[in-house]
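Here the structure is laid out as structure tokens; the discussion comes afterwards.
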Number of protein chains: 4
Amino acid sequence: MFEQRTLSRRERERLIHRQEILDAALELFAQKGFYNVTMKEIAERAEFAVGTLYKFFQSKQHLYKSLILERTIHFHNTLINVLDEEMDDPLEQIEKFIMTKMGLLGKHIAIIRLYFTEIYRVNPTIKADLEAELTRMRREFRTKLSALMERAINAGLIRRSDPMHMAMALDGLMKGFVFGYLEESFGKDPSEIDYEKLEKLFAEDYAKTVREVFFKGALASTAA
Amino acid sequence: MFEQRTLSRRERERLIHRQEILDAALELFAQKGFYNVTMKEIAERAEFAVGTLYKFFQSKQHLYKSLILERTIHFHNTLINVLDEEMDDPLEQIEKFIMTKMGLLGKHIAIIRLYFTEIYRVNPTIKADLEAELTRMRREFRTKLSALMERAINAGLIRRSDPMHMAMALDGLMKGFVFGYLEESFGKDPSEIDYEKLEKLFAEDYAKTVREVFFKGALASTAA
Amino acid sequence: MFEQRTLSRRERERLIHRQEILDAALELFAQKGFYNVTMKEIAERAEFAVGTLYKFFQSKQHLYKSLILERTIHFHNTLINVLDEEMDDPLEQIEKFIMTKMGLLGKHIAIIRLYFTEIYRVNPTIKADLEAELTRMRREFRTKLSALMERAINAGLIRRSDPMHMAMALDGLMKGFVFGYLEESFGKDPSEIDYEKLEKLFAEDYAKTVREVFFKGALASTAA
Amino acid sequence: MFEQRTLSRRERERLIHRQEILDAALELFAQKGFYNVTMKEIAERAEFAVGTLYKFFQSKQHLYKSLILERTIHFHNTLINVLDEEMDDPLEQIEKFIMTKMGLLGKHIAIIRLYFTEIYRVNPTIKADLEAELTRMRREFRTKLSALMERAINAGLIRRSDPMHMAMALDGLMKGFVFGYLEESFGKDPSEIDYEKLEKLFAEDYAKTVREVFFKGALASTAA
DNA sequence: AATGAATGAGGGTTCATTCAT
DNA sequence: CATGAATGAACCCTCATTCAT
């Protein structure tokens, strides 16, 4: 009966190995980009032979797809959980959303950079698959963030405005910090990046600015 | 200015051919990414032979570097011109800056996407070269936008705050719309994109939201 | 003969398993050729794991060698038995030989095709082994068929001629039908071949033509 | 006007190079089989770089297809020319056909062996293409040889019989000698084969036996 | 004996770059 | 300058074989 829940040793090991490969791939892809990483390199970092990679993933592109998808889903679910919470105060929920997302962004810069380095001319089936899934997630996200804005507007907490535009503005503001950071980091040696500091930067400094600008705007008069 | 006259026909033609190659390369790179475009393809679209490309650019990477750099410089100069103008009203200048940048973003999505699809493991010399130049421009830009913010703060037009943070917030807000758009466009066939509509979208709708949110913020109370 | 009794259950099972592997291999090799069949495929069809195949055969090439050899020996022995029979009428014996061989050919097209799709660059030892054995059999076969022809010639039943040439002609005539058939079947999906019909075709129609042409020739005058 | 007939130097060189590649490939394939020859080997023997091979042929399989097809067409056309001649004496024409085919067989053993070493699991489009062409040729050949037999039968020169069976018997008899030879040659080192002697063997000895057996049959009585 | 995950050498193919014309 | 055929290093992927369980 409960064997269904309990994976066999074999199966458990397989999953661990799969994760090890994905972890190695993420590090390398994020550092050097999809086309500058060889399967051999991934294998070496994951401490397997090339052939083993192909036991887990049909091709380099499938590996990439799995990587993007699995990490994105985690990211997505965390945010959707916040948006799905039933909180009485929409502003508080928006704040929580900001804090959560900024925390994630600072922690997962690697996968975000990867996410924006699409592989065109990818096997069409893979691309379609990946896109379908991502589109579904983006739509859900947009809808729910927009709904939260609408709740805030209807509660008179946020200015009358198109809730979707507000959602885009808030999300764009946060994304903007990520790309500002990525731009800055182009020149840096990836091994020199202080990930702890980075996380803190996003979770504290950047998050604070996002909240202030988003809520209060920049004008002095509005602060009055 | 007047150097144009001193160019011989030969030299003028050379420059035109160079531009044709860069234009062809930009279209292809933006559509398919650096690694999915071959020198042969670029040559064909530019209506030259492969060998000819190498008369103008040492390597594919040098071509890419020139492309990024020249387009970025144009982009950069346009914005710097706005920031360098001596206007009496800082808010008006910020507004002009927003309108100008949003106009540029909508018009040059291709090169922006390319700019963020870096080529790592690029020949180190090239990378260093490119980075040095880009860093110089970014620094200049940040400094000048920050200075504008400071002028606005000192004039009591914008809330007391770190001018650099304000600069990052404004710029991030605009960048955020670009990446929101890019994310949306992943699934689309590049040939189906309506560039006129896109330009208008950025110059009008998105620009409006940027201005509203940046200046007034989202809170209902602040609008009072 | 009686060794069969002395085999332990273990040993008997081993032999059965070995046969199952060889059967699976023959089907696959005949269908797709040596280089298009993987050990994994053979293992799956034989319902064993890959590792098990290596308990029975040192390598893929050894497996192939065993397959060719064992099947060829069966084929060979059947024909030799006919040639070794002590029959009074050489013509009758030739007829029996034709019928037997045509029956075998129609029944074992698969192994024949395989036999002609040699693996060159095979491990030299294997090749030498296989060749030595095959050469021995071919020599025995040729000698005995030739002897039969000689008996027929000496009995005045067959035209004075080189017995070896007559042997080659008869055997060639039969082989010719096989390759005529193989040529025809290239375009066909192997799963669509009607093996029963094929067997009948060889045993009846083709065999009849072989007998007529071999014995009587084509000329009208000779039939008179 | 006549430029159409006159190939440019470039084009002429291209054709020569193409032929050199096909020649190198034939030698190697015939010696070692499709799967035991690497593109690198072919390139080396043809004195080109691997990349160059791909300028002429899309893939190894396309190269193989071109090889088979072009050589087969030559072979085919030579025979069809004989069958299409308008000769008064059908028997004379059959004799000429035998001599021509035996001459070709002895001269082109390599391509024949290759022709029977099909590549299954070949790209389906290639296979279909190749098969369609081969089937068309086989059909034409069979029809024309059969028609010749019919003419001979109607002229009372050959026994009343199914012309198609007679055609198959004659062709099979000749093919049989080829496979008899191939079987014999398995064990030999390909470099040791005396091609001149081989050609003579087919054109003289074997051809003589074919004619005798096919026309007169083996029976002593028929020779009377 | 049986299993099947792991190995890694080897082959097909691509494409940036060169160079003779 | 312009051309494009030729080059060959490098990469993705396959699959025969091994070995710990």
Side-chain angles (χ1 to χ4, degrees), chain A residues 9-11 13-14 17 35-44 46-63, chain B residues 10-11 13-14 17-18 34-44 46-63 123, chain C residues 10-11 13-14 17-18 34-44 46-63 123, chain D residues 9-11 13-14 17 35-44 46-63:
Chain A
R9 186 180 51 70
R10 273 264 163 91
E11 286 165 321
E13 274 184 356
R14 255 191 88 81
H17 292 175
Y35 288 100
N36 291 316
V37 171
T38 67
M39 290 300 266
K40 195 164 177 292
E41 270 180 293
I42 299 175
E44 269 159 17
E47 293 179 276
F48 287 105
V50 230
T52 308
L53 268 53
Y54 286 86
K55 291 277 192 283
F56 291 92
F57 306 97
Q58 276 183 57
S59 70
K60 191 184 176 189
Q61 296 190 342
H62 279 89
L63 167 53
Chain B
R10 271 269 168 87
E11 286 165 321
E13 276 184 357
R14 230 188 111 75
H17 291 175
R18 200 187 127 94
F34 183 80
Y35 287 99
N36 291 317
V37 171
T38 66
M39 289 300 266
K40 196 164 177 291
E41 270 180 292
I42 299 175
E44 271 161 15
E47 293 178 277
F48 286 103
V50 241
T52 309
L53 267 54
Y54 285 84
K55 296 279 191 260
F56 289 93
F57 306 96
Q58 275 181 59
S59 72
K60 191 184 176 189
Q61 297 189 340
H62 278 90
L63 192 163
N123 177 315
Chain C
R10 271 271 168 85
E11 287 165 322
E13 276 184 356
R14 229 190 110 76
H17 291 175
R18 199 188 128 94
F34 184 79
Y35 288 99
N36 292 317
V37 172
T38 66
M39 290 300 265
K40 195 164 177 290
E41 269 180 293
I42 299 174
E44 270 160 16
E47 294 179 274
F48 286 104
V50 240
T52 309
L53 267 55
Y54 284 85
K55 295 278 191 263
F56 289 93
F57 305 97
Q58 276 181 59
S59 72
K60 191 184 175 187
Q61 297 189 340
H62 279 89
L63 192 164
N123 176 316
Chain D
R9 188 181 50 69
R10 275 262 163 93
E11 286 165 321
E13 275 183 357
R14 254 191 89 80
H17 293 174
Y35 288 99
N36 291 316
V37 172
T38 68
M39 289 300 267
K40 195 164 176 292
E41 270 180 293
I42 299 174
E44 269 159 16
E47 291 177 281
F48 286 105
V50 233
T52 308
L53 268 55
Y54 286 86
K55 292 277 192 283
F56 290 92
F57 305 97
Q58 274 182 59
S59 70
K60 191 182 175 190
Q61 296 190 341
H62 279 90
L63 167 54

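Protein chains get the first letters and strands the later ones, always in sequence-line order, with residue 1 at the start of each. These numbers come from a predicted model, not from an experiment.
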From CG (D:L53) to OG (D:S59), nearest 0.5 Å: 11.0 Å
Heavy atoms from other residues, nucleotides or ligands near CD of B:Q58 exceed 12 (cutoff 6.0 Å): no
Atom pair distance, as rounded to whole Å: NZ in D:K40 and C1' in E:dT14: 17 Å
Heavy-atom closest pair, residues C:K60 and C:F34: NZ-O, 2.8 Å
Selected nucleotide, minimal atom distance to A:Y54 side chain, candidates F:dT14, E:dT7, F:dT17: F:dT14
Out of E:dA2, F:dA5, E:dG12, whichever nucleotide has its closest atom nearest the side chain of C:F48: E:dA2
d(CZ, C:F57; C1', F:dA16) in whole Å: 16 Å
Interatomic distance, D:L53 CG vs E:dG11 P [rounded to whole Å]: 15 Å
Touch class at under 4.0 angstrom, heavy-atom based, for A:F56 against every strand present: sugar-phosphate
Nearest-nucleotide pick for A:T52, side chain only, options being E:dA2, E:dA6, E:dA5: E:dA6
A:E47, CD atom: more than 12 neighbouring heavy atoms under 6.0 Å: no
D:L63 side chain reached by D:I42 side chain, heavy atoms, under 4.5 Å: yes
D:H62 NE2 to E:dT14 P, straight-line distance once rounded to whole Å: 11 Å
Nearest atoms (heavy-atom pairs only) where B:N36 meets B:E41: O-OE1, 3.5 Å
5'-most by nearest nucleotide on DNA chain E - D:G51 or C:A49: C:A49
Interatomic distance, B:Y35 OH vs F:dC11 P [rounded to whole Å]: 11 Å
C:F48 side chain reached by C:K55 side chain, heavy atoms, under 4.5 Å: no
Nearest-nucleotide pick for B:T38, side chain only, options being E:dC15, E:dT17, F:dC12: E:dC15
Which atom of B:A49 lies closest to which atom of B:A43, heavy atoms considered: C-CB, 3.8 Å
Sugar-phosphate only, base, or nothing, as touched by C:K60 at under 4.0 Å among non-hydrogen atoms: sugar-phosphate
Nearest-angstrom distance from the residue atom CD1 of C:I42 to C1' of E:dG4: 16 Å
Stem regions touching DNA chain F, defined by at least 3 consecutive Watson-Crick or wobble G-U pairs below 3.5 angstrom: E:2-21 with F:2-21
Euclidean distance, atom CD of residue C:E41 to atom P of F:dT17 [Å, nearest integer]: 15 Å
Value in whole Å for how far the P atom of F:dC12 lies from CG of B:N36: 13 Å
Upstream residue (5' side of DNA chain F) when A:Q58 and C:V50 are each assigned their closest nucleotide: A:Q58
C:K55 vs B:H17, nearer the 5' end of DNA chain F by closest nucleotide: B:H17
Of the listed nucleotides F:dC13, E:dT17, F:dT3, the one nearest the side chain of B:M39: E:dT17
